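Data block below; observations after.
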Protein chains: 2
Amino acid sequence: MGQQNRGPKRNYKQDFQRVVAELENMILIGAFQPRKRLVEKNLSQIFNVSRFWIRDALKVLETKGLVKLIPYKGAVVSNVSLQELEEIFVIRVALEKLATRLALKNISSSDIKILKRISKQVEQSFMKKDFQNMLIANTNFHDYIFKRSQNQTLQQMINGLRSRCHIIRHSAWSSPGFLERSLEEHQLYINALKGRDLETLEQLAEDHITHAKTHYLKKLANENNSVPLVSSEV
Amino acid sequence: MGQQNRGPKRNYKQDFQRVVAELENMILIGAFQPRKRLVEKNLSQIFNVSRFWIRDALKVLETKGLVKLIPYKGAVVSNVSLQELEEIFVIRVALEKLATRLALKNISSSDIKILKRISKQVEQSFMKKDFQNMLIANTNFHDYIFKRSQNQTLQQMINGLRSRCHIIRHSAWSSPGFLERSLEEHQLYINALKGRDLETLEQLAEDHITHAKTHYLKKLANENNSVPLVSSEV
DNA sequence: CTTGTGTAAATTGTTAACAATGTGTGATAA
DNA sequence: TTATCACACATTGTTAACAATTTACACAAG
């Protein structure tokens with residue numbers, strides 16, 4: 001149907017999504033501090049695309065809740081309030097429990113093998129002190145379980161909420177004992193999956209999140225003593 | 001600080017949000033059929049704003065999952081697939097159960113009075129056959145409970161998922177016996193809240209959604225016999 | 001030294017023109 | 001008649017110029 005390859009037909013959409021993803025990633029890894037202004041001109045130079053695309057990307061990230069757009073002032077990385085953080089954690093517990101429960105129905109012994117392999121990667125990265133890769137592998141571990149829920153919408157929502165808690169990740173991961181605990185957790189997950197022990201799995205999902213929260217709050221309390229941490233007004 | 005009222009300072013943001021909300025509402029009430037193209041020029045005339053704003057509004061609705069943007073073809077109202085619908089319903093059950101559970105902690109006797117009043121409005125609208133207002137009042141009833149969860153993020157997510165199921169609402173509401181059942185449901189809710197009966201409340205939340213789903217699927221099956229209902233390709 | 005004020009620069013918001021692509025229509029030929 | 005192709009038109013995507021607003025800074029007054 002006249003749909004033949006008769007031109008370049010640039011893949012705008014794909015390029016654009018790449019920009020959004022990269023920008024999102026930069027925010028997630030903390031390249032931009034919360035409350036720091038994101039100047040469109042700078043971003044367009046960094047990503048080598050027009051301001052037009054940057055503006056659109058920022059709009060997307062705004063509806064995702066990662067940045068806040070203030071008229072004539074620009075975009076700032078959203079500084080999730082304590083209140084909001086608490087709210088998100090409660091929801092994450094519910095959704096990750098759900099995902100785990102659904103996954104349990106679909107998980108096979110070959111899946112468990114894969115999880116063991118990923119878990120081993122986490123361990124090796126830890127021993128090599130390669131924390132960058134450890135974080136990636138750790139994320140993969142949990143993602144793999146959620147993927148087995150066979151509910152793509154659920155996965156996306158979990159990822160969305162996780163993104164919104166970006167400020168936590170660094171705090172938690174730099175907290176003493178946190179990494180060691182992750183390793184243990186994976187073993188418990190694998191054992192519970194083997195034994196098809198739903199109750200333990202749900203408890204693990206809850207503990208996993210609660211633990212991250214606790215570490216973050218502890219960290220925050222410390223910082224709070226030195227820096228007043230102004231709430232994000234305007 | 002130099003922030004005094006020294007000019008018109010148009011409220012762009014507010015105007016824009018209004019456009020998004022109105023467009024979203026038009027999709028929700030079914031003014032645009034799924035798979036129908038939304039032509040930017042037409043929309044800009046309808047809303048009396050520039051194409052620029054329409055494009056932005058469509059982008060927002062895309063990330064909300066209400067429309068699908070296809071390069072050089074434009075926006076179409078997203079036709080949620082059966083698969084996606086099932087996925088959303090599973091999540092809604094979990095989230096609405098959670099909201100109900102949280103609400104139970106905060107609900108006072110004065111809240112129950114308000115709920116009774118809303119319930120009466122639903123009943124009166126039903127008797128007057130004013131189904132437009134009945135839908136509004138019914139939505140208010142459930143929203144009021146969710147609001148008492150004191151978790152704004154949760155509320156927003158529930159609303160977002162509800163929006164994505166827009167095609168259901170008409171089906172379910174025009175289904176015979178559905179309205180009557182809603183009335184009974186409200187009484188059961190009120191009684192369970194009074195008695196602080198968590199188990200019943202969670203069951204009600206689950207039934208509420210499952211019931212809507214069942215009605216929709218039945219309706220869909222009927223239509224499916226006459227119209228093939230092409231899955232939304234591209 | 002501090003404080004306020006006005007102006008210039010920087011930044012964001014909007015528009016209109018233009019480029020790229022999709023869609024439909026009618027002529028032409030088998 | 002039907003299929004095919006070229007062409008015009010409709011629609012979407014992008015850009016660059018311009019308008020609105022904020023921010024920075026110099027400068028004067030107290």
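Chain letters run A, B, ... following the sequence lines, proteins first, then strands; residues in each count from 1. Please read all numbers here as calculations on a predicted model, not as lab measurements.
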Atom CG in Leu135(B), atom CG in Asp130(B): separation rounded to 0.5 Å? 10.5 Å
For the side chain of Arg55(B), starting at C-beta, report the closest nucleotide among dT11(C), dG13(D), dG13(C). dG13(D)
Of the nucleotides dT14(D), dT14(C), dG22(C), which has the atom closest to the Trp53(A) side chain? dT14(D)
For the pair made of CG in Leu58(B) and P in dT11(D), what is the distance, rounded to whole Å? 15 Å
Interatomic distance where CZ belongs to Phe52(A) and P belongs to dT11(C) [whole Å]: 21 Å
Please determine whether a side-chain nitrogen or oxygen atom of Arg51(B) lies at a distance below 4.0 Å from atom OP1 or OP2 of dT15(C). no
Over 60° means perpendicular and under 30° means parallel, so tell me whether Trp53(B) and Phe16(B) are parallel, tilted or perpendicular. perpendicular
Check this for me: Lys64(A), atom NZ, are more than 12 non-hydrogen atoms of other residues, nucleotides or ligands nearer than 6.0 Å? no
Calculate the interatomic distance between Lys36(B) atom NZ and dT11(D) atom C1'; express it in whole Å. 14 Å
Starting at NZ of Lys41(B) and ending at P of dT11(D), how long is that distance when rounded to a whole Å? 5 Å
Rounded to the nearest Å, what distance is computed from the CD1 atom of residue Ile70(B) to the P atom of nucleotide dT21(C)? 16 Å
Taking atom types as modelled, find out whether Ser108(A) and Asp111(A) have a side-chain donor-acceptor pair closer than 3.5 angstrom. yes
With respect to the phosphate group of dT15(C), does any side-chain polar atom (N or O) of Ser50(B) fall under 4.0 Å of OP1 or OP2? yes
Separation of dA10(D) C1' from Glu40(B) CD (nearest whole Å): 12 Å
Does Leu38(A) reach a base, just sugar-phosphate, or nothing at all? Heavy atoms under 4.0 Å. sugar-phosphate
Any side-chain heavy-atom pair of Asn133(A) and Ile136(A) under 4.5 Å: yes
So which one's nearest nucleotide on DNA chain C is more toward 5', Arg37(B) or Gly74(A)? Gly74(A)
Could you state the atom-to-atom distance from CG of Asn42(B) to P of dA10(D) in whole Å? 12 Å
Figure out the OH/P separation between Tyr72(A) and dA9(C), and round it to whole Å. 21 Å
Which part of the nucleic acid, if any, lies within reach of Ile54(A) when heavy atoms closer than 4.0 Å are counted: base, sugar-phosphate only, or nothing? nothing
